[in-house]
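Beneath this line is the structure, given in structure tokens, with notes to follow.
Sequence lines set the chain letters: A, B, ... in the order given, protein chains first and strands last, and positions in each chain run from 1. Fair warning: this is a prediction, and the values are worked out from it, not measured in the lab.
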2 protein chains.
Amino acid sequence: MSLDRKTPTIQDVARFANVSTATVSRALSAPEKVSEGTRARVAEAIRVTGYTLNQAGRSLRQRSAKTILVAIPDIRNPFFSSILDAIEREAATRGYGVLVLNLYFGRETIRRLQDFLLSNRADGLLLLDGSVDTDLLRAVSQQAGEIPIVVACEEIPNAGFHTVLTDNVEAAERATRHLIDLGHRRIGHIMGPEHNVVSRERITGYGRALADAGLTPQPEWQFRGNFDMESGFAAAARFLSLNDRPSAVFAANDESAIGFLSGLRQRGILCPRDISMVGFDDLAVASHYVPPLTTMRQPREAMGRMAAEALIDLIEDPEALAIPLRIVLRSELVVRESTGRLASVGRPSLEVDMSPARI
Amino acid sequence: MSLDRKTPTIQDVARFANVSTATVSRALSAPEKVSEGTRARVAEAIRVTGYTLNQAGRSLRQRSAKTILVAIPDIRNPFFSSILDAIEREAATRGYGVLVLNLYFGRETIRRLQDFLLSNRADGLLLLDGSVDTDLLRAVSQQAGEIPIVVACEEIPNAGFHTVLTDNVEAAERATRHLIDLGHRRIGHIMGPEHNVVSRERITGYGRALADAGLTPQPEWQFRGNFDMESGFAAAARFLSLNDRPSAVFAANDESAIGFLSGLRQRGILCPRDISMVGFDDLAVASHYVPPLTTMRQPREAMGRMAAEALIDLIEDPEALAIPLRIVLRSELVVRESTGRLASVGRPSLEVDMSPARI
DNA sequence: CGGCCGCGTGTAATCGATTGCATAAACCAT
DNA sequence: ATGGTTTATGCAATCGATTACACGCGGCCG
């Protein structure tokens, strides 16, 4: 008669309700198959015993874990973490758990990814990084009995995976054109990492906008970065060493834009007085930076939500999508104060940030 | 002879290696119990069949999921996401998976938390939020057979949970004293949410520093916020409506500090010329904001790592800690440009941000 | 030589839930 | 009343891995 029983199982509930375990199971997962009276007895028994499902048992039998695996290049990056947030919300409403996996372990990473997928811990993979080796990935997927995979944010070219993303080329083109429309002719770019798909697409878009306007891209105006603030800051030093400087810069993301502006400011170069700047992502801080940043807003929440939706649809009905899904969302240019008309050379306008203090 | 077999199981490996499943299992988890020759045959069989462990089967038998549950108030917040990052790294090296759970669903949240914990999907809980109902939490833990719980970042007072945190009272006191040391006497505070433990502790620290310096706190200088930029921005409006304004403000975190400064800037009030500002957290953007923000740096990575370490230790040896663990880490004041000596009233100094442009 | 020990291995029970099949009861139409 | 259908339930196998227990064998000691 000791009270220290282990957590109650479906057996306990069955005994208490005077039915078989099969009936309890059905009462839970297919209530319409159970008569009303029995259902009530089972419900009561569950309440009294404090029963909760053992997911391991169910997973074993059903060969599904009710869990998705989200693989992320960098959780700390607010861009990714807000997508993760949207994914988690969607997964939660559909009854799925979310396992997260950092992707920075090189080859070790693929091993871990493989472990998770092949060990029945996750029913599907949501990949937020296009730089994972395609063949390896496909092999893993097949080995694991065609586990559904959805790639979000970044594209894996020609790989035939389901994808949810924004058109980075077009958006980068629009961002750059915004600068052109303001009269700028000397336009630089802070690039992302060399082998990153997104980063390349944005470079392409930048190049197209210049070409369309009949402008020739200057290699020395294209600064290598890697999407973080420090790399933007470092780019500022290189910018400052130039004799012939751009009057406007398009950065591959807000963080490098901010780092860049911060570097320039140390040397007294102010935005938008001396330089115009467009970022990418519209992080929360963009609207509160000094100056508030003009930027391309990506529909992060929508991207995360739709990717999670698609993945779960696919998990629940593998036949759902005969051909690879490809959802392309549109980014939106948010014009703030970091961009302005090209001022006549040698006469920087001074109308900004110079209002008298009122304290 | 069809090739479309399901994923191979331990049975397949056993058949191939001409041993029993027991031996295969032992070869994997206790190699020293298996003779060298057999071990080699099993290894080869695993290689050939492409076997991978089915975690569900193991979990069911061992009643452990090799997974920890991390419950977070807001994944998007860079403060939390960088802690999550550290947690994930530590968990990965110890062979654990990480399930994330957003906490903003009110009562629904506890249900989900409970579901995860009681369903053998996670072996322990790492809670990054002190506002969860203590009794409920303890009940869940006990019901789930004393599942280990570690609370990080925020304290649940008198609850006896293992905790890893920083001393918010002391740190807030130090932040405020920094302003006092610079000559400020009229010091405001942007508070966090009313019922948040951390937010209260920082208010307390702020109050102590004032008291120590013989200053009387002014209620109208304490602005309610909720840790995000918008609330800081809103606080700026209230600040501006005051006749008698503080010369310095300590914000409960960097985000509200940034929102606040952004709001002031719109009305021409510049930092540090017109006002000094101290934040809290040292987010990545703090050092690149305009001006670079003086702030209390919390050891986020250390906190995440140590909390994960403690939790996993506890999972692997529940007797490990007889008395509740309580690790208190020290925050560090990082002085940048957002704080300066109190300028004589009516004569705002103009030495900042006014260097001539060099473009 | 006989008994004991320990190593390496196999047998089979076990973890908890689901589900195909069988069966009983109830209902319906003729 | 009879056969057929539907509904509600139980029985027992099953998912894959682990592990308590048993067994056989070789070596060692007295």
Fill in the blank from the handout: In terms of heavy-atom contacts, Asn102(A) and Pro73(A) come closest through OD1-O, 4.3 Å
Practice task
Could you check whether Val34(B) gets within reach of a base, just the sugar-phosphate, or nothing at all, counting any heavy atom under 4.0 Å?
Solution key: sugar-phosphate
Problem - Separation between OG1 of Thr52(A) and CD1 of Ile46(A), rounded to the nearest 0.5 Å - result: 10.0 Å
Problem - Lys66(B) NZ to dA17(D) P, straight-line distance once rounded to whole Å - result: 16 Å
Problem - Sidechain N-carboxylate O distance under 4.0 Å for Arg47(B), Glu44(B) - result: yes
Practice task
Flag the pair Ile10(A) / Ser25(A) as yes when at least one side-chain heavy-atom distance between them is below 4.5 Å, and no otherwise.
Solution key: yes
Fill in the blank from the handout: When rounded to whole Å, the NZ to P distance for the pair Lys33(A) and dT6(D) reads 15 Å
Practice task
For Ser35(A), answer base if it contacts any base atom (sugar-phosphate contacts may also be present), sugar-phosphate if it contacts only those atoms, and nothing otherwise; contact means non-hydrogen atoms under 4.0 Å.
Solution key: sugar-phosphate
Distances for protein N/O vs nucleotides 12-14 of chain D N/O pairs under 3.5 angstrom?
{"unit_1": "dT14(D)", "atom_1": "O2", "unit_2": "Arg61(A)", "atom_2": "NH1", "d": "2.8"}

Completion exercise
salt bridge (charged side-chain N to carboxylate O under 4.0 Å, His left out) filter on Arg326(A), not counting sequence neighbours, yields Glu155(A)
Practice task
Could you check Arg63(B) against Arg41(B) and say which one's nearest nucleotide on DNA chain C is further toward the 5' end?
Solution key: Arg41(B)
Exercise for the section: Rounded to the nearest 0.5 Å, what's the gap from OG on Ser59(B) to CZ on Arg121(A)? Could you check? Expected result: 7.0 Å
Exercise for the section: Nearest whole angstrom, please: distance from the C1' of dT7(D) to the CD of Glu32(A). Expected result: 12 Å
Problem - Salt-bridge criterion met for Glu316(A) and Arg94(A) (N-O under 4.0 Å) - result: yes
Handout entry: Leu314(B) and Ile312(B): CA distance, side-chain angles, deciding distance, side-chain contact (heavy atoms from CB on, under 4.5 Å) verdict
Key = CA-CA 5 Å; Leu314(B) 227 53; Ile312(B) 295 176; over 6 Å; no
Handout entry: Inter-residue atom distance Leu118(A).CG - Tyr51(B).OH, 0.5 Å rounding
Key = 11.0 Å
Handout entry: Backbone N/O of Gln11(A) and side chain of Thr21(A): donor-acceptor pair under 3.5 Å
Key = no
Practice task
Quick one: label Val19(A) by what it contacts on the DNA or RNA (base, sugar-phosphate, nothing), any heavy atom closer than 4.0 Å.
Solution key: sugar-phosphate
Handout entry: Donor-acceptor contact below 3.5 Å, side chain Asp12(A) vs main chain Thr9(A)
Key = yes
Handout entry: Whole angstrom value for the distance that separates C1' of dT19(D) from CG of Leu28(B)
Key = 14 Å
Completion exercise
Note: chain A reaches DNA chain C at heavy-atom distances under 4.0 Å over the stretch, first to last nt, 5' to 3', of dG16(C) to dG20(C)
Practice task
Measure the angle between the two terminal helix axes of the helix from dC1(C)-dG30(D) to dT30(C)-dA1(D), five base pairs each, and quote it to 10°.
Solution key: 40°
Exercise for the section: List for me each residue that meets salt bridge (charged side-chain N to carboxylate O under 4.0 Å, His left out) alongside Arg138(B), sequence neighbours excluded, and say none if there are none. Expected result: none
Fill in the blank from the handout: Within residues 49-60 of chain B, the residues having a heavy atom closer than 4.0 Å to DNA chain C are Leu60(B)
Problem - pair Asp129(A)-Ile72(A): side-chain heavy atoms closer than 4.5 Å - result: no
Practice task
Begin with the C-alpha distance, continue with both residues' side-chain angles, and end with the deciding distance and a verdict on side chain to side chain donor-acceptor pair (under 3.5 Å) for Ser82(B) and Arg300(B).
Solution key: CA-CA 7 Å; Ser82(B) 66; Arg300(B) 297 201 290 273; 2.6 Å; yes
Practice task
Give a yes/no on whether any side-chain N or O of Thr23(A) is located under 4.0 angstrom from OP1 or OP2 of dG10(D).
Solution key: yes
Problem - d(CZ, Arg26(A); P, dT7(D)) in whole Å - result: 14 Å
Practice task
Calculate the interatomic distance between Gln11(B) atom CD and dA17(D) atom P; express it in whole Å.
Solution key: 7 Å
Practice task
Would you mind classifying the nucleic acid contact of Ser29(A) as base, sugar-phosphate or nothing, using non-hydrogen atoms under 4.0 angstrom?
Solution key: nothing
